[in-house]
Amino acid sequence: CAPAGHTCHSCHLLFVRAGSLGEAHYVTTPVRIGRSYALYRVEGFDDSAGGALIATSLVSFHDVAAELVRGAPALGTSRMPVAPRPPPAASSGWPSRAAANADGTLWWFSWADEAGSQPLDARCDGATRAALLGFLSDYSLLATAYAAHGREWSTAMMTSLDHTIHFHAPLSDPLGWLLFETEAVWVASGRALCRGRMWEASTGALVCSATQEGVYRVAERSPDEAGRSERKPSPTIRDALRGPPAAAQPQAPPARSRL
């Protein structure tokens with residue numbers, strides 16, 4: 001629906017209520033269409049729940065090509081962190097994921113499976129590539145709060161409240177490796193605010209950054225649970241740091257639910 005030549009540069013999404021795995025539909029409303037920017041409101045409705053509103057967002061598009069014609073320079077960007085090289089083959093699962101450090105804040109992602117097949121068309125358009133980045137930015141961002149509180153607490157409830165993503169550079173290879181650095185900025189009062197930045201491994205370009213806030217409630221662990229955690233740190237993260245990871249996935253935090 002955006003004007004020709006415009007690409008998505010930001011999306012600000014709020015989750016209204018839990019959705020189902022059934023059918024959904026979306027309604028797009030233009031807010032303002034200017035010469036350089038176009039803004040739309042997009043609302044999602046759960047058809048399996050009587051058409052209830054489940055999410056609302058503002059999506060903005062920018063005519064980047066016109067800015068470049070006017071001579072807009074590249075003045076600065078964040079550099080990709082130093083991390084163990086991405087594995088030679090993706091781990092099992094889709095999307096593939098491999099830990100790049102021991103504290104759960106640096107991850108490799110890829111959309112190709114371990115057999116090297118291509119579940120996505122490498123020639124997919126810019127909108128599809130933006131959607132791929134949006135999915136990955138939500139895949140483990142809020143879970144960073146799980147690593148932030150150490151071994152004294154266990155997660156009782158974790159669910160997204162809102163999610164913002166900014167797109168910086170076009171994704172040149174949708175099937176290549178991406179490095180996602182995450183940080184728990186604030187975890188208190190039953191909420192967590194996390195942010196992340198994602199780089200394309202083949203180019204070193206910062207392709208997007210994201211911020212997510214969610215409900216994050218914890219329960220104090222019993223002495224037995226705390227002791228077991230001290231004696232048995234996650235072996236999959238250690239394995240990933242030694243070099244090419246095994247097929248086993250890093251241990252994931254508790255499953256998320258929608259509020």
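Side chains are part of it too, since the values below use all heavy atoms of this structure and drop only hydrogens, waters and symmetry mates.
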Is there a side-chain contact between [X] and [Y] (heavy atoms, below 4.5 Å)?
X      : Y      : answer
Leu136 : Phe180 : no
Pro81  : Leu179 : yes
Pro174 : Thr128 : no

Who are the side-chain contact (heavy atoms from CB on, under 4.5 Å) partners of [X], not counting sequence neighbours?
X      : answer
Glu43  : Arg41, Phe45, Leu53, Thr56
Ala205 : Ala169, Thr203
Thr164 : His12, His166
Arg197 : Ser78, Glu181, Trp199, Leu206, Ser209

Non-neighbouring partners of [X] that pass ring pair (Phe, Tyr, Trp, His ring centres under 6.0 Å), sequence neighbours left out:
X      : value
His168 : none
Phe109 : Tyr139
His6   : none
His163 : none

Hydrophobic cluster partners of Ile33 (side-chain heavy atoms under 4.5 Å):
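Besides Ile33, the hydrophobic cluster comprises Tyr26, Tyr40, Val42, Val59, Phe61, listed by chain and residue number.
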Can you list every salt bridge (Lys or Arg N to Asp or Glu O under 4.0 Å) pair that touches residues 20-36, not counting sequence neighbours?
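Not a single pair qualifies under salt bridge (Lys or Arg N to Asp or Glu O under 4.0 Å).
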So salt bridge (Lys or Arg N to Asp or Glu O under 4.0 Å) across residues 45-70, not counting sequence neighbours, yields Glu67-Arg70
The criterion is salt bridge (charged side-chain N to carboxylate O under 4.0 Å, His left out); which residues satisfy it with Glu200, sequence neighbours excluded?
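Per chain and number, Glu200 pairs via salt bridge (charged side-chain N to carboxylate O under 4.0 Å, His left out) with no residue.
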Could you report the tightest heavy-atom contact between Cys208 and Leu133, atom names first, then the distance?
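Nearest pair, atom of Cys208 first, then Leu133: SG-CB, 4.3 Å.
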Grab the two heavy atoms, one from Ala130 and one from Phe167, that are nearest each other, plus how far apart they are.
O-CE2, 3.4 Å
